[in-house]
There are 2 protein chains.
Amino acid sequence: MSAGSMSFRHFILGLLTQQPMSGYSIKCTLENFSWLVGKPSFGSLYPALHALLNDNLVTVEVVTHESKPPSKVYSITQRGRQVLKEWVQQPAGTSTSLKDFVMRLMLADNFDHDGLIAQLRQRRDQVAAHHTDLEHLVTTPSDSQKLQQQLALDYGLALATAGLNWLDRKLDQLSEQVLLMEDLQKG
Amino acid sequence: MSAGSMSFRHFILGLLTQQPMSGYSIKCTLENFSWLVGKPSFGSLYPALHALLNDNLVTVEVVTHESKPPSKVYSITQRGRQVLKEWVQQPAGTSTSLKDFVMRLMLADNFDHDGLIAQLRQRRDQVAAHHTDLEHLVTTPSDSQKLQQQLALDYGLALATAGLNWLDRKLDQLSEQVLLMEDLQKG
DNA sequence: TCACTCATGTAATTGGTTACATGATTAG
DNA sequence: CTAATCATGTAACCAATTACATGAGTGA
């Protein structure tokens, strides 16, 4: 799991806003997204949790189960929420990689409505740009790549198209929600 | 660019089977796939090329251009092809991440027809499994994630669906090609 | 009893990013 | 003349994987 603009610590912190979790259960949760996000090793996960604890961004509680080994359940602190909030708001940079975007999506709760829309819109534009780039490469194969990489380009194009559709749909839904809210406030 | 089962060196080696390239032009090529694959830094690219050179898997030639700085163009050697071939054939492991798969696709030339089909089929099964997992998670939201991550799951599902369709189409095309070949041999 | 899941951790090594350093050419 | 593109490289730092180490309970 490489950093990119997405620091692993902050990501974990974000997951903990949803509910307290142990290192092991974080790993299991991430397993569901391994396809897009990759799976972190315990060798990175546990030290990250220790670091967060050390900075007072989380607290631990040892929970004993019958018929299972005890687990250390981590909860985010007030300070943790603060730090996450600051981190979540600032970047707005060109975080191009799919992985980073999905990780951000997983933390969607920590954005306000407008922030989320802004993120999605930004992403839409990025993917749209990539999409046209790919299309151009596919239709006008330069001497440097004749048949080569055609497969990968084609696959990338298919995914970009699907991603774009999804983003458009979501953005429509979200702006509809805004309109409904406004109607309610008027009526 | 993290390793995964996809070593960066082998990946470069694979790109060089398509045509000789300089470090800089490799970076540019990869730029087109940055969305899916991320972009490597020169700090990893150049040392990787030096290492390949050191192992006699590639050769260099300094090419001077008018009105441009000279570039070092690397070509794969016989030994390089050998090593790549061995590496490309063995793994067959569960390389779950999207990034690894796309990188593999970019090296598709280095598979024979059957090898490619095998890779795609394997991938298809993996994605199909992920797809059903995600569907299950979306439809039966466990207490642990109510609305949270719904967005990410939804997005993942959309991409998985698109990926699955693409794989099915490609596999159909490839098996059709096989049938055509057999017909030709008969007739 | 053997293997697997649950559950935590540390240490060595690898490998990548970031920042630094250089330098020519071209377009505004 | 300044910024950007082309083009290569090194060194310090940081982060992640891998391998190791432990241990209890469960199901075959």
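The chains referred to below are lettered A, B, ... by the order of the sequence lines, with proteins before strands, and numbering in each begins at 1. What you see is a predicted model, and the numbers here were worked out from it, not measured in a lab.
Within the structure, side chain to side chain donor-acceptor pair (under 3.5 Å) pairs that include any residue of residues 49-70 of chain B comprise B:His65-B:Ser71 (at least two apart or interchain).
The residue among A:Gly43 and A:His65 whose nearest nucleotide of DNA chain C lies closer to the 5′ end is A:His65. Between A:Glu66 and A:Arg9, the residue whose closest nucleotide on DNA chain D is further toward the 5' end is A:Arg9.
The two atoms that bring B:Leu30 and B:Pro40 nearest to each other are CD2-CG, 3.7 Å, heavy atoms only. For the pair A:Val138 and A:Gln150, the tightest heavy-atom approach, listed with the atom from each and the gap, is O-NE2, 3.5 Å.
Residue B:Ile26 contributes atom CD1, which lies 13 Å from atom C1' of D:dT8 at whole-angstrom precision.
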Taking only distance into account, with no hydrogens and no angle test, what donor-acceptor pairs under 3.5 Å do side-chain atoms of residues 164-176 of chain B form with protein atoms, sequence neighbours excluded?
residue	atom	partner	partner atom	Å
B:Trp166	NE1	A:Asp154	OD2	3.1
B:Asp168	OD1	B:Arg124	NH1	2.8
B:Asp168	OD2	B:Arg124	NH1	3.0
B:Lys170	NZ	B:Gln173	OE1	3.0
B:Ser175	OG	B:Leu171	O	2.7
B:Ser175	OG	B:Asp172	O	3.1

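Taken over five-pair windows at either terminus, the axes of the helix from C:dT1-D:dA28 to C:dG28-D:dC1 are inclined to one another by 40° (rounded to 10 degrees).
Distance check: B:Thr161 OG1 to B:Leu159 CG gives 8.5 Å after rounding to the nearest 0.5 Å. A:Tyr24 contributes atom OH, which lies 11.5 Å from atom OG1 of A:Thr29 (distance to the nearest 0.5 angstrom).
Applying the 4.5 Å side-chain rule to ILVMFWY residues, one finds B:Val63 in the same cluster as B:Val73.
Under the 4.5 Å side-chain heavy-atom criterion for grouping Ile, Leu, Val, Met, Phe, Trp and Tyr, B:Tyr74 is connected to B:Phe42 within one hydrophobic cluster.
Of all the residues in residues 67-77 of chain B, B:Lys68, B:Pro69, B:Pro70, B:Ser71, B:Lys72, B:Tyr74 reach under 4.0 Å from DNA chain D with at least one non-hydrogen atom.
Across C:dT10, D:dT17, C:dT17, the shortest atom-to-atom separation from the side chain of B:Ser41 is found for C:dT17.
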Might you list the N or O atoms of the protein lying below 3.5 Å from N or O atoms in nucleotides 12-14 of chain D, with each pair's distance?
none

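Applying the 4.0 Å criterion to OP1 and OP2 of D:dG9, one finds that B:Tyr46 has every side-chain N and O outside that range. Remark: A:His50 is in phosphate contact with C:dT10, judged by side-chain N or O atoms under 4.0 Å from OP1 or OP2.
Taking the ring centre of B:Trp87 as origin, the terminal cationic atom of B:Arg81 falls outside the region bounded by 6.0 Å and 45° from the ring axis.
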